[in-house]
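For reference, the structure discussed in these notes is given below.
Throughout, numbering of the chain's residues begins at 1 and tracks the sequence.
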Amino acid sequence: MKYLIGTDIGTSGTKSILMDTEGHLIAQDLEEYDVLTPKPLWAEQWPNVWVDGVKDSIRKTVAKSGVDPKDIKGIGISGLYGGSGIPVDENMQPVRPDLIWMDRRAQEETEWVKEHVDGDRLTEITGNDVVDPYYGYTKILWIKNHEPENWKKIHMFLPPNNYAIYELTGKVSIDHSAAGNIGGLYDINTHTWSEEMMAAMGIPTHMMPTPIVDSTTVVGGLTAEAAIDLGLVEGTPIIPGGVDVGAANVGMGIFKPGKYVAAIGSSMNAALVSEKPIKGQGLIVWPYPYKSEKLVYNFSGSATAGAITKWFRDNMAQFEVEKQKQGGDNAYVALNKESKGIEPGSEGLVVLPYFMGERAPIWNSDAKGLVFGLSLAHTKAHLYHAFQEAVCYALRHSIESTGRDLGEYIIIAGGVTNSPDWVQMFADVTGYAVRTPIEDAEANLGDVMMAGIGTGTLSVEDVQKWQVLGPEVKPDPVRHDIYNNYYHLYRKLYNDLEGDMHDLSEIQKDAVSKLKDSVEA
């Protein structure tokens, strides 16, 4: 029997799985960590947590599996959208933490790009028609403008999965999906770095890594040191699985255009794969991991989806967390039990899930989180239920942004699928039937598939025979009708409060400035 490993570097944890070539999950391991948020709207991570997570999860997965390392034919490694990427010096040592996708600090840089770079050319070259702090190139400009001493040291920016691959193989590369997701600097027409855009941004060409490869390319083999550390064989092939949400689509069996997949983890990435970029809708566009030079990934989605329920757990569910530590139910399971039976609309609660600003489809760094409709009759269970509904509303908004009929069902992957009630809620809110993966290993599964294809261990035809999706969960028409009213209010609340959200940001900035001046005086 032959085996493959799929490793995905996430925002809050790195997970590895080991599968056989018939699609059976043999072993897995998850290593968790935290995001650094030193200031409001800032989010960054040192790469050592990712590298340690990759090594620890692979090592433990291999040990749990009990398989002969000689039978492990390849490892696919995907990763979160790394924003700026990890800035490394000429010795490949990190200069500062990576400004990850969630970070929103590059507001001034965004305005500078809008004023100084030809927007039509930017869209024509990159496929993206929105300039926003979400994109890696604006974060790179922030480092250039605010940390000149660090800027002098930086030799290159490497996305999380490509940096981890370097640590394991000693080889530098970047996959097309990670390159395209930096935005602004990647030419989606020629599938190369755009010298025109890099010159316009004032970013040296050497800072963007090469070669740029498809996510079914073997970019190197495990070094002797890494092999010993992981309990594997020297030279075991490594494949870059690409940006995790794209890898998740591959894991759901998407090898051609058409099907809508929402990967919901800390954030939500809801996307259609197409042959040409979908322009003019404010969607984020970059190459699909599979056949990167022929297929395009067009997505939108909430910046904080699972992250808001994690925030709720950490800040408002200490009782459930403590019970979990004592051997009780997982805190999320306990919260789901408490909120079970609460009717659509949470008895008059609507939550806006914009806890870190928002990217597509509203593109507003000043967007704020909101709990609307609170009364003394509401409990913690109502609040948690409303938080879950907010993520469902965000998905419906993303679906509507495509302007397309998505067929009989959509696919939802990620941690939210562990809750059958939440999956039903997604169906009821969106009006679409929902299918979910059988195993909770979407990006990892895509990594396995691409590692198999890249090493020749598997073919596309082989993996398409795997049963990866469960049955349809159909929407309840009565609940869908009720949710229509709440959803329209959800959309209206944002439109009504958009100006107030901006004013609040300005008041906050003014307060910080005055307090700083007072301390210095």
Verdict with supporting geometry, Val35 and Ile100, side chain to side chain contact (heavy atoms under 4.5 Å, CB included): CA-CA 9 Å; Val35 176; Ile100 65 171; 4.0 Å; yes
Stepwise side chain to side chain contact (heavy atoms under 4.5 Å, CB included) check, Tyr135 with Ile284: CA-CA 9 Å; Tyr135 288 106; Ile284 301 167; 3.7 Å; yes
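Taking the ring centre of Phe157 as origin, the terminal cationic atom of Lys139 falls outside the region bounded by 6.0 Å and 45° from the ring axis.
Counting heavy atoms from C-beta on, the side chains of Met198 and Tyr186 never come closer than 4.5 Å. With a 4.5 Å cut-off on side-chain heavy atoms, Val416 and Thr436 do not count as touching. A heavy-atom distance below 4.5 Å is not found between the side chains of Glu108 and Trp112.
The pair Glu109-Lys144 fails the salt-bridge criterion, with no side-chain N (NZ, NE, NH1 or NH2) lying under 4.0 Å from an Asp/Glu carboxylate O. Taking the charged nitrogens against the carboxylate oxygens, Arg396 and Glu400 do have a contact shorter than 4.0 Å, which makes a salt bridge. Checked for salt-bridge contact, Glu275 and Lys294 miss the test: no charged N lies under 4.0 Å from a carboxylate O. Glu44 and Arg105 are joined by a salt bridge, as a carboxylate oxygen and a charged side-chain nitrogen come within less than 4.0 angstrom of each other. Ion pair Arg104/Glu358 not flagged as a salt bridge, since none of the NZ, NE, NH1 or NH2 atoms sits closer than 4.0 Å to an Asp/Glu carboxylate oxygen.
Of the N and O atoms on the side chains of Gln281 and Ser401, not one donor lies less than 3.5 Å from an acceptor on the other residue. Side-chain contact annotation: Thr11 with Trp101, donor-acceptor N/O pair under 3.5 Å present. A donor and an acceptor atom, one from each side chain of Ser78 and Asp244, are nowhere located under 3.5 Å apart. Between the side chains of Thr61 and Ser16, no donor-acceptor pair of N or O atoms lies under 3.5 Å.
The aromatic rings of Phe299 and Tyr297 sit tilted relative to each other, their planes meeting at an angle between 30° and 60°.
Residues Leu272 and Gly258 approach most closely at CD2-O, 3.4 Å, considering heavy atoms. Looking at every heavy atom in both residues, Ile308 comes nearest to Ala390 through CD1-CB, 4.4 Å.
Panel note: side chain Asn161, backbone Ile77; a donor-acceptor pair is recorded below 3.5 Å. In this structure, Asp187 contributes its side chain and Thr192 its backbone to no donor-acceptor pair below 3.5 Å.
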